[in-house]
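Input: a single structure, listed below in structure tokens.
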Amino acid sequence: MGDKVSKIGVWGMGGIGKTTIMSHINNKLQEKPNKFNDVIWVTVSQPLDLIKLQTEFPTALKESLLENEDKVRRAGRLLGMLKAKAKFLLILDDMWEAFPLQEVGIPEPSEENGCKLVITTRSHRVCRSMKCKQVQVELLSKEEAFNLFIDGVGSSILQVPTLNKEIINEVVEECGCLPLAIVTVAASMSGEEEIYEWQNALNELRGRLRSLNDIDTKVFGRLEFSYHRLKDEKLQQCFLYCALYPEDFAIPKDELIDHWIAEGFIEEVKDVQVTYDRGHTILNRLVNCCLLESVEDGSCVKMHDLIRDMALRITSKSPLFMVKAGLRLLKFPGEQEWEENLERVSLMENGIEEIPSNMSPHCQILSTLLLQRNVHLQRIPECFFVHMHGLKVLNLCHTSIEVLPNSVSDLTNLRSLLLQDCLSLTRVPSMAKLLALQYLDLQRTQIEEVPEGMEMLENLSHLYLYSWRMKKFPTGILPRLRNLYKLKLSFGNEALRETVEEAASLSDRLDTFKFHFSKLNDFNIYVKSTDGRGSKNYCLLLSAYWIGGFLIADLEVDKSVFLIDCKICEREEHIVLPEDVQFLQMFAVSDVARLSDVLPREQGLVNIGKFSHDLKALRFDNCGNLKNLFSLRLLPALQNLEFLVVHYCYSIEEIVAVEDEETEKELPTNTIINTVTLPRLKKLHLEDLPEFKSFCSNNGVLVCNSLQEIVVCGCSNLKRLSLSLPLLDNGQPSLPSALEVIETEKEFWESLEWDQPNAKDVLNPYCKFVGF
């Protein structure tokens, strides 16, 4: 529409393809350079919540806002962030209400600032209120509808001799030229080649639509056809369960599968991984049927809001759900709303502060109750769970409850009790009767002791007792939990050697474990007891106070060690690392001067054979005595290194020490090393290192041909960016094929000296200048 149009409103009925159109445009703009500095996508949804919307923007910009700031302060900060982006394209998807841009902190797009706003909405009134140039998305033509259907069902269907084009056309016509209906019906008919299947489908569609009068209910009728085509009752239950989450919510796949298992939707076998595989197979089938869509790089699924409305329409009758998720409720639903035949209730993501003291709903067949993220909820009445003996899933994560009522002890069918991030929770009642329990999550609570009756929970497959207040984990419990699959545990500052050894004995049969050690001695006992190797997924943390690490975006590793605000040597006892660690991070470790300080030694030299050659990522933060990272002698063990991050280490001078005592002992006299190769390094981040002078001592050069991202900020003493660039046939430097961005300060970049002529000109287009 040219530069003169700064605000565009794309509108049309639900399911007509507004989001799909904008997704294609967004993806195209992200793929190749364009006139916008940034393309920002934010989903608005309903009900309109401006504070939540303000939170979405920094996430999209990979920045952050302070949680405790009010709306006005947040708007000011957000305005600054967006103005710093200069020319941007902002896409606000799924808008239901108009709102003043300045109230959120969005600068008004104009021809002068080069910014543009595109909204998608079902209402032309919203477009008009936002002063947008309107673009209406119309229903498909009959030819477009037929082609879209064939794309979904597969073009081979036209080659089936028993099927004629006429019956396919009739099915397409019943979809009403609505893209969402077409793709869901097509997906449900994919692979069907018998004429009677198509005739039956046509009759079903016509039968559903015949009794429906208005356009909206006919849309639901078409979508319900795809639901009923699932035919498998368990599959239908899995689908309907997704409607318990708020509109446009990205549902984590693993969480969903955990709930399905607890509900009994998935038949369990002894091998837990096989059960999870079945869960992922169900998810794939629902995605392939276009009833769910895969999002967040495949880790989550989402329901189209019309599909969710269809599911809620079904669950308003049978099976009966009460779903009031993400509606900003302040008041708990009254007793009259808790009908006896309720099967599932979701009140998650609201502002509920209290449950009436005398409330005790008679819901004997209620199997799932989701109350997570009601952050102001402090108390649950003792009588609340008395008549909920069928409860299988209880999620109270991210609430402010201080005590779990004793009535929970009698929920003998409970299989999943989730209390993660209940930061005020100090006590849970006896669990001796909860013999069916499989999932117990007490991460980041104020629990100091293991709950009474824990030794009886022999069906536990997931135990998360990762809490900074935990004093000790008693001996004798872990060996009784024979079905454990995932274990997260804080040993506490009074840990017993026997408990650490019991945990070590489990590690070879666990899929995942995460252990927090308060003392170096306990950490070493564990590593030595496992012969330096653990299960296929582990995370070990050594810290007296912290229980979290600092992850790296896009990093995929299974085996991590975090050393945080601790000593690596105490009373002549030196730290022992697992031999297969893939990610090693040190934060505020004051007695480390180089990587070799944490590695095993023999006769005074680092024993490279006992150090992980699988190391993919190294991160150092606030290590005040760090001088350099590693010597040439360690280089063979670092050939798989992909991520190297160094932040706020005020003494470091170089990455690679070419001249050090150990290297000099092994290399012939007068050997000159010009290049240091890290062939798989993808990301190099160097921030706030005031003494940093060079990548390699002795004027060495780093060869990193896989580099995608370089961040160098706050390194005022660095004069050369000593990276070797590949050469063209004419001897001129060329761009590393993988490079995507160099993030640095403009003044620093202009001051750099270069070893290769024209290197700066080659790299300039990939610079992203930031303030520091």
Side-chain angles (χ1 to χ4, degrees), residues 1 3-12 18-19 22 25-26 36-135 246-250 305 324-331 349-353 373-376 771:
M1 289 192 174
D3 294 334
K4 292 189 181 298
V5 178
S6 299
K7 294 195 288 188
I8 301 165
V10 179
W11 71 278
K18 303 179 294 294
T19 299
M22 292 314 304
I25 293 172
N26 176 65
F36 299 109
N37 295 333
D38 255 301
V39 180
I40 307 161
W41 180 293
V42 175
T43 302
V44 182
S45 298
Q46 60 174 333
L48 179 63
D49 184 339
L50 295 186
I51 291 180
K52 184 182 176 186
L53 186 59
Q54 286 176 325
T55 307
E56 297 288 334
F57 275 91
T59 304
L61 296 168
K62 298 181 180 177
E63 309 232 13
S64 60
L65 288 173
L66 297 175
E67 286 188 17
N68 57 355
E69 286 187 322
D70 61 26
K71 190 169 70 175
V72 176
R73 287 177 181 271
R74 282 168 162 246
R77 288 184 182 274
L78 186 55
L79 189 66
M81 287 181 198
L82 289 170
K83 281 187 173 179
K85 298 292 179 185
K87 293 173 67 173
F88 62 80
L89 168 64
L90 173 58
I91 301 169
L92 295 178
D93 185 40
D94 197 20
M95 276 186 62
W96 291 76
E97 295 177 47
F99 61 86
L101 296 178
Q102 66 272 17
E103 207 171 306
V104 176
I106 303 169
E108 187 70 30
S110 65
E111 187 178 353
E112 289 71 32
N113 61 26
C115 300
K116 283 189 185 292
L117 169 70
V118 181
I119 68 170
T120 72
T121 178
R122 295 187 192 180
S123 169
H124 66 89
R125 294 187 185 88
V126 173
C127 295
R128 193 166 61 225
S129 297
M130 296 294 292
K131 297 182 172 59
C132 291
K133 172 75 174 179
Q134 294 185 36
V135 177
E247 184 176 305
D248 286 316
F249 194 88
D305 50 5
K324 297 187 176 187
L327 298 182
R328 289 186 287 164
L329 293 184
L330 299 177
K331 190 176 179 183
E349 300 263 346
N350 281 306
I352 296 169
E353 296 184 9
R373 295 191 180 276
N374 283 281
V375 295
H376 302 298

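In this structure, the side chain of N350 does not engage the main chain of I352 through any donor-acceptor pair within 3.5 Å. A donor-acceptor pair is defined here as one N or O able to donate and one able to accept, closer than 3.5 Å; such a pair exists between the side chain of K7 and the backbone of M130. Counting only distance, with no hydrogens or angles, the side chain of Q54 and the backbone of L78 share no donor-acceptor pair below 3.5 Å.
Residues C132 and G9 approach most closely at CB-N, 3.4 Å, considering heavy atoms. Of all heavy-atom pairs between A98 and V126, the closest is N-CG1, 4.2 Å. Heavy atoms only, all atoms of each residue included: I8 and V5 are closest at CG1-CG1, 3.8 Å.
Between the side chains of D93 and T120, at least one donor-acceptor pair of N or O atoms lies under 3.5 Å.
By the 4.5 Å heavy-atom criterion applied to side chains, L92 and V42 are counted as neighbours. The closest side-chain heavy-atom distance from L117 to L101 is below 4.5 Å. In this structure, the side chains of I25 and I91 stay at 4.5 Å or more apart for every pair of heavy atoms. Between R122 and D305, the closest side-chain pair of non-hydrogen atoms falls below 4.5 Å. Looking at heavy atoms from C-beta onward, N37 lies out of side-chain contact with F88 at the 4.5 angstrom threshold. No side-chain heavy atom of K52 sits under 4.5 Å from any side-chain heavy atom of R328. Side chains of R73 and R77 form no contact here, defined as non-hydrogen atoms less than 4.5 Å apart. Side-chain atoms of P109 and L90, non-hydrogen and from C-beta on, never get closer than 4.5 Å to each other.
Heavy-atom neighbours of R125 CZ from other residues, nucleotides or ligands within 6.0 Å: at or below the threshold of 12.
Taken from NZ in K331 to NZ in K324, the straight-line distance is 10.5 Å, to the nearest 0.5 Å. A distance of 9.5 Å separates CZ in R74 from CE in M81, rounded to the nearest 0.5 Å. Rounding to the nearest 0.5 Å gives a distance of 12.0 Å between OG of S129 and CZ of F99. With rounding to the nearest 0.5 angstrom, the CD1 atom of I40 is 9.0 Å from the CD1 atom of I106. Within the model, atoms CD1 of I119 and NZ of K18 stand 11.0 Å from one another, a figure rounded to the nearest 0.5 Å. With values rounded to the nearest 0.5 angstrom, D38 atom CG is found 12.5 Å from K87 atom NZ.
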If you apply the rule side-chain contact (heavy atoms from CB on, under 4.5 Å), what do you find for N26 with V39, and how did you get there? CA-CA 7 Å; N26 176 65; V39 180; 3.3 Å; yes
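Residues that satisfy the side chain to side chain donor-acceptor pair (under 3.5 Å) test with E111, not counting sequence neighbours, are absent from this structure. For the side chain to side chain contact (heavy atoms under 4.5 Å, CB included) test, residues two or more places apart in sequence or in another chain that qualify with Q46 are W96, E247.
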